[in-house]
Chemist: 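Pasting in a structure now, in C-alpha cells, and then I'll have a few things to ask.
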Number of protein chains: 2
Amino acid sequence: MSKLADVTTLEEIKDIIAKVVAEKNEKGGVKNVYCLACGGSYASFYPMEYFLRNEAADLPVHSVSGNEFVHATPKALGENTVVFAMSLAGGTKETVEAAKKAKAAGATVIALCSMHDVPLEEAADYTVIYRIDIGYPVDEQNQIKILALAVELLNQTEGYEHYDKMVDGLSKISGICAKAIEQVKTSAIKFGEKYKDEPIIYTMGSGASARVAYMQAICMFMEMEWVHSSSIHTGEYFHGPFEITDTQTPFMIFMSEGKTRPLDERALKFLRGYAKKIIIVDSKEFGINTIEDEVVEYFNPILHWALALEYSEGLAKAKKHPLLMRRYMYKVEY
Amino acid sequence: MSKLADVTTLEEIKDIIAKVVAEKNEKGGVKNVYCLACGGSYASFYPMEYFLRNEAADLPVHSVSGNEFVHATPKALGENTVVFAMSLAGGTKETVEAAKKAKAAGATVIALCSMHDVPLEEAADYTVIYRIDIGYPVDEQNQIKILALAVELLNQTEGYEHYDKMVDGLSKISGICAKAIEQVKTSAIKFGEKYKDEPIIYTMGSGASARVAYMQAICMFMEMEWVHSSSIHTGEYFHGPFEITDTQTPFMIFMSEGKTRPLDERALKFLRGYAKKIIIVDSKEFGINTIEDEVVEYFNPILHWALALEYSEGLAKAKKHPLLMRRYMYKVEY
C-alpha cells in the first residue's frame, strides 16, 4: 500500500506563493489569475475568486470550467498569469488539458490534488496536496488551502490590510468546523429522514458561499443522491426564482455571517412566509463569530461545506443510497 | 399617452463609449468594468463579461448581482471604473442602489433601461435605451446593445483586431433572428404541447450562451411558468449533474456555434444515449454562420434568446398560463 502524500501546510503555501511572485516579478509581476477545474473542484475555487474580486485593487481573477478554457482560451493568458488548477485524483482530463495550455502560454501553474505523480502535477510548476472526505479534518481539505493561497497571493503582491486577521481565522476554522460537525449530527440525520422522498431540493446562498449552494446541488443532490436540484443566489431569488416557492418544495439555505447576510436574511424571511420545508444551515449558530468581523465572510464556505457533507450523509443513509453510487461515472463512455 | 423613448442606436453607443473613454483617459484610463443588475438583466450582461474576459488583454470585468455589490462592494471600484447597470423599467431597487454606490466612488455609470426619467437614469452618467418583448425586433433589444457596448469599449481602449467582423455581425444578427423566429414557430408550439405537464425542465448551454440557459431557467420556466428548472453548463454536466439524466427528465440544450461547440456536442451525444426528452435549440440551423468564424460565438446568445422567447410562449399557450402571471411579484411584500 502506498503511503498517503503529505498534506501541504499553510507555511509551505506561503513559500510556494513567495517563489511564484518572485519569478513573476522578474517578468513584470502577476497580472491576472485563473482558477481552472470542473464540477465540485470548480465550485471549491469560488472563495478565492470572491475574495480576490472584492479585496484586490488590481489582480483580476476568473474561474473557468476546464473544457471551456481549453476551447475558448482567454487572450490575457500569458507569462504574467498565475493559474490554479484542481482535480482531487489529479486526472480530470479537461483540467489537465487546461493546465497544459496555460503552461504552454508561459503561465505559472499551481496544481491542487490529493496525490503526487498524477497527470495534473506533470502539467504544473508547483503542487499543493489536500484531502477531502468525511473524516478528514478541515485543515487537510482543499477549501482552507484555496483561501490560504488567495490570501498569500494578495498579501505578497499588493499587500492586504487584514492579513493577520485572516491568518488568525485560518488557525481557528478547523476547530470551529470540528465542533460544528458534532453539533449538527442529529439535525443531519433528521434532515435525511424527513426529506428522503423529495424529488427536488433547492439550495441557496450568497457571497463566498454562493457556490457551496451550487456544489451541494450538483455534487451532493444530483450526482450522489440522484435528486433534482438547482442553486439560487439569495440576491437573485427575488428576480425570478421565488415564483416557484410553495409549501411543498424544500429549500436548503446556507446563511452566511458577514457582509452578504442581509441578502440571506431577506430570502429566509420570504421562505418563512411562503414555504414550509426549509433547511437552515447558519454559520452564526456554529461559533464562526470568533473570527474577526472584517474577514469572517470568507470563512463561511469552509464551515458550510463541512456541514453540507454531514447533511448529505444523513440523506444518503435515510435513502439507503450510498454517496458513491453512480449510474454513469466510471461505468459508461462519455 | 407618453411617447416611447427612442432606442439608442449603435452609432450613439459608439459616441457614448468615446466620451466615457475620453473622460477616463484624463484620470489614467479605464482599469476595470462591472456589470450590475438582477435576474434576467444580470444574465443578459453575460455576453459582455464573456467577450471581455476572452478578448481583452487588460480590461477585467465582473458581473455582480445588484444587492451583493451594494453589501460587498469591491475595493477595486473607483474613478477608473466603468459600470454598466441595467433594469428594464429602470426602478429595480438593488440595481439603483448599486449604481449610486458606484457613482459615489467616482465610477462612470452607464444605465441601460427602457425609458427616461427613471431612478436608474438619475444614478447614471449616460443612458442606453432598449426594448425587450416578443414583437420588438432584435436590434431594439438589450442583448445587441450590450454586445455593442462591450465591443466599442474594447476597441476604443486596447483595440480589437476583429472589430470590423463584429460590426458586420451586429448588422446581420437582427435579420438572422427575424428569419429564425418564423422558422421555429411550429417547433415552439409542439414543444409547449409535448412538455406542458412536466414538473421540471433542465436547460443547458456554454460559452457566451451559458446564461441564456440560466435566464431560460429562472425567468421563463421558474418565474413565468412555475416549472422547476436548473441551468447546467455543458462543460460541467459530466462532473456531477449528468447522474440525474434519465428517460423521464427533459433537457433543453442551447447549442452554440463557435469555440465552445465541442462542449455542447459532447453533452448532446450523451443525452441522445441516455435521455429521451431533448429539446435542441441549435444556432447552426438558423443561418448564424453568415457571421465570420472569429466572432460568431458572441452572437449565439442573441439568437438563442430570440428563440427561447418563442419556446416560452409555446409553453405558456399550451399550459394556458400567461407569461406575465405572477403569484408574488407586485402582489406581496418582499
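Residue numbering restarts at 1 for every chain, and letters A, B, ... go by the order of the sequence lines.
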Chemist: So which of N32(B), I200(B), T245(B) has the largest heavy-atom pair count under 4.5 angstrom toward chain A?
Modeler: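 Top option by heavy-atom pairs under 4.5 Å: T245(B).
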Chemist: With side-chain contact (heavy atoms from CB on, under 4.5 Å) as the criterion, how do M222(B) and F242(A) come out once you've worked through the C-alpha distance, each side chain's angles and the decisive distance to 0.1 Å?
Modeler: CA-CA 8 Å; M222(B) 294 168 82; F242(A) 78 148; over 6 Å; no
Chemist: Side chain, backbone, both or neither: which part of L77(B) has a non-hydrogen atom closer than 4.5 Å to chain A?
Modeler: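 No part of it gets close to chain A.
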Chemist: Out of G273(B), P199(B), C219(B), G207(B), which one racks up the most heavy-atom pairs below 4.5 Å with chain A?
Modeler: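 Between G273(B), P199(B), C219(B), G207(B), the count favours G207(B).
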Chemist: So, taking the atom named OH in Y274(A) and the one named OH in Y334(B), what distance separates them when rounded to the nearest 0.5 Å?
Modeler: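 These two atoms lie 10.5 Å from each other.
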Chemist: Tell me the closest heavy-atom pair linking S65(B) and E236(A), and the distance in Å.
Modeler: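 Reported closest heavy-atom pair: OG-OE2, 2.7 Å.
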Chemist: For residues P60(A) and P60(B), report the shortest heavy-atom separation together with the two atoms involved.
Modeler: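 Looks like CB-CB, 3.4 Å.
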Chemist: Taking side chain as everything from C-beta outward and backbone as N, CA, C, O, which of these in V70(B) sits under 4.5 Å from a heavy atom of chain A? Side chain, backbone, both or neither.
Modeler: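 Neither part.
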Chemist: Any chance you could measure H233(A), atom NE2, to N67(B), atom CG, to the nearest 0.5 Å?
Modeler: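 These two atoms lie 9.0 Å from each other.
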Chemist: Are the aromatic rings of Y328(B) and F238(A) close, with centres under 6.0 Å apart?
Modeler: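 Distance test on ring centres: not under 6.0 Å, no.
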Chemist: Contact part of A37(B) toward chain A, heavy-atom cut-off under 4.5 Å: side chain, backbone, both or neither?
Modeler: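 Looking at A37(B), just its backbone touches chain A.
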Chemist: Should H228(A) and I244(B) be marked as a side-chain contact (heavy atoms from CB on, under 4.5 Å) after you check the CA-CA gap, both sets of side-chain angles, and the distance that decides it?
Modeler: CA-CA 7 Å; H228(A) 293 303; I244(B) 46 80; 4.3 Å; yes
Chemist: Using non-hydrogen atoms only, which part of T249(B) is less than 4.5 Å away from chain A: side chain, backbone, both, or neither?
Modeler: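 When you check distances to chain A, only side chain atoms of T249(B) fall under 4.5 Å.
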Chemist: I'd like to know which of K269(A), E225(A), H62(A) tops the heavy-atom pair count under 4.5 Å against chain B.
Modeler: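 Between K269(A), E225(A), H62(A), the count favours H62(A).
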Chemist: Start with the C-alpha distance between K259(B) and T73(A), add both sets of side-chain angles, then the distance that settles side-chain contact (heavy atoms from CB on, under 4.5 Å), and finish with yes or no.
Modeler: CA-CA 9 Å; K259(B) 288 180 189 159; T73(A) 312; over 6 Å; no
Chemist: Which heavy atom in A76(B) sits nearest to a heavy atom in A57(A), and how many Å separate them?
Modeler: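 Heavy-atom minimum between the residues: CB-O, 3.5 Å.
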Chemist: Quick check: does any side chain N or O of R53(B) sit under 3.5 Å from a backbone N or O of P74(A), one acting as donor and the other as acceptor?
Modeler: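 Not a single qualifying donor-acceptor pair exists.
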Chemist: Checking the side chain of E243(A) only, and the main-chain atoms of R326(B) only, is there a donor and an acceptor separated by less than 3.5 Å?
Modeler: no
Chemist: State, without any angle test, whether E94(B) and H239(A) hold a side-chain donor-acceptor pair at a distance under 3.5 Å.
Modeler: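 The criterion, which ignores hydrogens and geometry beyond distance, is satisfied for H239(A) and E94(B).
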Chemist: If we count only N and O atoms by modelled type, under 3.5 Å, do the side chains of E68(A) and Y50(B) hold a donor and an acceptor together?
Modeler: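 No, because no side-chain N or O of E68(A) sits under 3.5 Å from a partner of the opposite role on Y50(B).
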Chemist: Below 4.5 Å from any heavy atom of chain A, which atoms of S229(B) appear? Answer side chain, backbone, both or neither.
Modeler: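 Backbone of S229(B) only, per the 4.5 Å heavy-atom cut-off to chain A.
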Chemist: Measure P262(B) against the heavy atoms of chain A and call it side chain, backbone, both or neither at under 4.5 Å.
Modeler: side chain
Chemist: Going through the checks in order, is the salt bridge (Lys or Arg N to Asp or Glu O under 4.0 Å) test met by E158(B) and K75(A)?
Modeler: CA-CA 12 Å; E158(B) 296 182 3; K75(A) 287 194 182 148; over 6 Å; no
Chemist: Counting only heavy atoms closer than 4.5 Å, note whether Y202(B) contacts chain A via side chain, backbone, both or neither.
Modeler: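 Contact with chain A: side chain only.
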